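Within every chain, numbering begins at 1; the chains are lettered A, B, ... in the order of the sequence lines, protein sequences first and strands thereafter. Source: prediction; values computed, not measured.
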There are 2 protein chains.
Amino acid sequence: MSDDSGMPTPPGHRPRRARPARRPLSADVIVDTGMRVLDAEGLDAVTMRRVAQELGTGPASLYAHVGSKDELYELMHDRAAAQIRLPEPDPARWREQLAEVAFEARRVLASHRDLARVSLGAIPVGPNVLRIAEFQLALLRGAGIPKRIAAMAVDTLAMYVDADVIEGAIFGGGATGPDAERTVHENRIEPIRAYFNALPPDRYPTLVGMVDELVGGTSDERFEFGLDIFLRGIASYAPS
Amino acid sequence: MSDDSGMPTPPGHRPRRARPARRPLSADVIVDTGMRVLDAEGLDAVTMRRVAQELGTGPASLYAHVGSKDELYELMHDRAAAQIRLPEPDPARWREQLAEVAFEARRVLASHRDLARVSLGAIPVGPNVLRIAEFQLALLRGAGIPKRIAAMAVDTLAMYVDADVIEGAIFGGGATGPDAERTVHENRIEPIRAYFNALPPDRYPTLVGMVDELVGGTSDERFEFGLDIFLRGIASYAPS
DNA sequence: TCGTACATACGAACGGTGTTCGTGTCAAGT
DNA sequence: ACTTGACACGAACACCGTTCGTATGTACGA
């Protein structure tokens, strides 16, 4: 990436365009730019106009390479799914490996702000999301889980990961600084605790007696809790 | 509801307004109207302008009663939660009752199109969603489930219901007619099956061998499957 | 009964959105 | 050198959430 800003136009070099040597537009650079905006400002900031502006052009230019905003979102989702690393399959350790993949998928998805909103309720079609599904299905089938159960398990597992990331994204909000956790706690958690504590105890007797447990649990704890229950349940369908 | 359309204005009755005897605007009628639009055309159709138009006024008038569109959405969500019927608590049947509530919540949420998108990732604050939470917590605590586990369980359960309804909403789309199921099958399921069948078997060997199981399972089957696993997992934390 | 004060209603506008159309421009093929 | 076809993009359309200032009807005090 050379930086020619500040250089005057050489004489005789009639600029062939307003922006000389324009970068070739393509679906890839559009998705790239979308990911940059996403990571910096969240999914709602990823608009056609914003991405076009970032590329130094207008929104109409994008539609030659991306069918619609939703299609761009799906391409971004598959791009993110490409970052999910899969271990070498080891059928003997299928439960551990399924948990590994779930954690890894959660980590990657959560690292891209609220991108998970796209994947929840979207039918997996991209090559990378299918790659994950194939891995999980192979693991389950290798463990002797029936087809019907394996199919439902993969669906439910993806749903669980997506939903958890979405829930986590409404807190964090994306600010990942050194004292981000403290700020989040003060600004988000504390008001909720106060609200719950102020609830009428005669109407919600059990709830007000559990405020600490309700607002206190870490997102990681809750994820691991649900994942463990789910995997134990699946294991009950395995032979042996 | 009388119908005075077609009647001329009686002489001497100067209309006090352009729309005589205007109905009083209030948060309640705004939420009512929002629910009507939601049920008819889906959440995306519920815009400030659309609701205002339905009420024969402009969008600015709504802001005297509802703080923002998001607040309207939350009010609508709580209104829907009011329709969830809870059984008489019976601690001895806590597992069955928890399943009952989950099914009932799913039924009600699904009957309002994609309203579930609002509730996923929203902190429960409305009186009606808190009423559900209180019921579930009381049931779990009554069964001897530890506070920490019970808190995570209701969180996860609500998340599961919401995510399932959202996933279901991208199919159905809301069209609930006599032959709706057949149409959905032809227009949505069949293309997906075709796409999966056309996938390269060398890259996705396990997946292409399970197409029927992947696209075939009913939404109800899958929900019951996950719910059963989850409740069995929770039960393992109960004493006895 | 009249005048005033107040809460509500709302027209108009601001700055944004996704998407389409028609035109313009470039580079490769003949 | 000329044609052709793909791509870029300015302008516009029809929406969106939200705010501001003004108009209006009602209730109340004098």
Side-chain angles (χ1 to χ4, degrees), chain A residues 9 13-34 37-38 40-77 113-115 117-118 122, chain B residues 9 12-35 37-38 40-77 113-115 117-118 122:
Chain A
T9 330
H13 281 222
R14 186 172 48 83
R16 305 169 70 95
R17 274 211 161 225
R19 264 174 313 288
R22 70 158 188 270
R23 307 146 281 230
L25 220 46
S26 75
D28 263 348
V29 307
I30 291 174
V31 173
D32 277 344
T33 310
V37 176
L38 167 74
E41 302 174 39
L43 190 63
D44 286 335
V46 182
T47 66
M48 292 294 138
R49 292 181 137 82
R50 184 76 164 73
V51 172
Q53 186 192 18
E54 210 80 10
L55 253 27
T57 179
S61 306
L62 307 183
Y63 283 85
H65 307 273
V66 192
S68 69
K69 195 182 81 155
D70 285 338
E71 189 180 311
L72 171 58
Y73 279 4
E74 280 192 25
L75 290 174
M76 288 169 58
H77 174 233
R113 299 279 207 125
D114 45 356
L115 180 62
R117 272 170 30 197
V118 174
Chain B
T9 332
H13 281 220
R14 187 174 47 84
R16 305 169 70 92
R17 273 212 162 222
R19 266 174 311 287
R22 71 159 189 266
R23 54 233 115 184
L25 219 44
S26 75
D28 264 347
V29 307
I30 291 174
V31 173
D32 277 344
T33 310
M35 293 299 284
V37 176
L38 167 74
E41 304 176 38
L43 190 63
D44 286 335
V46 182
T47 67
M48 292 293 138
R49 291 181 137 84
R50 183 78 164 71
V51 172
Q53 188 193 17
E54 212 79 9
L55 254 27
T57 179
S61 306
L62 308 183
Y63 284 86
H65 308 274
V66 194
S68 68
K69 194 182 79 155
D70 285 337
E71 190 180 310
L72 171 58
Y73 279 5
E74 279 192 25
L75 291 174
M76 286 169 60
H77 174 232
R113 298 277 205 133
D114 45 354
L115 179 63
R117 274 169 31 198
V118 174

Taking the side chain as every heavy atom from C-beta outward, state whether [X] and [Y] have any pair of such atoms under 4.5 Å apart.
X: A/D114; Y: A/L38; result: yes
X: B/Q53; Y: B/R49; result: no
X: A/E74; Y: A/E71; result: no

Roughly, in whole Å, what's the span from [atom1] in [X] to [atom2] in [N]?
X: A/L62; N: C/dG18; atom1: CG; atom2: P; answer: 10 Å
X: A/L25; N: D/dC7; atom1: CG; atom2: P; answer: 11 Å
X: A/Q53; N: D/dC9; atom1: CD; atom2: C1'; answer: 15 Å

Which side-chain hydrogen bond (donor to acceptor under 3.5 Å, both in side chains) pairs, counting each pair once, include a residue from residues 58-68 of chain A, with sequence neighbours left out?
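Non-adjacent pairs meeting side-chain hydrogen bond (donor to acceptor under 3.5 Å, both in side chains): A/T57-A/S61.
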
Only counting residues at least two apart or in another chain, list the ones meeting side-chain hydrogen bond (donor to acceptor under 3.5 Å, both in side chains) with B/D44.
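B/D44: side-chain hydrogen bond (donor to acceptor under 3.5 Å, both in side chains) contacts with B/R117.
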
Find every protein N or O atom lying less than 3.5 Å from an N or O atom of nucleotides 13-17 of chain D, and list the pairs.
residue: D/dC16; atom: OP1; partner: B/T47; partner atom: OG1; Å: 3.1
residue: D/dG17; atom: OP1; partner: B/M48; partner atom: N; Å: 3.3
residue: D/dG17; atom: OP2; partner: B/M48; partner atom: N; Å: 3.0
residue: D/dG17; atom: N7; partner: B/R49; partner atom: NH1; Å: 2.4
residue: D/dG17; atom: O6; partner: B/R49; partner atom: NH1; Å: 3.0
residue: D/dG17; atom: O6; partner: B/R49; partner atom: NH2; Å: 3.1

Among A/D32, A/V37, A/V31, side chain to side chain contact (heavy atoms under 4.5 Å, CB included) partner for A/M76
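Answer after filtering A/D32, A/V37, A/V31: A/V31.
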
N or O in side chain of B/S61 less than 4.0 angstrom from C/dC10 OP1/OP2:
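So the side-chain polar atoms of B/S61 do come within 4.0 Å of the phosphate oxygens OP1 or OP2 of C/dC10, strictly under.
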
Hey, does the side chain of B/H65 come within less than 4.0 Å of C/dA9's phosphate (OP1/OP2), counting only N and O?
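Yes, within the criterion.
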
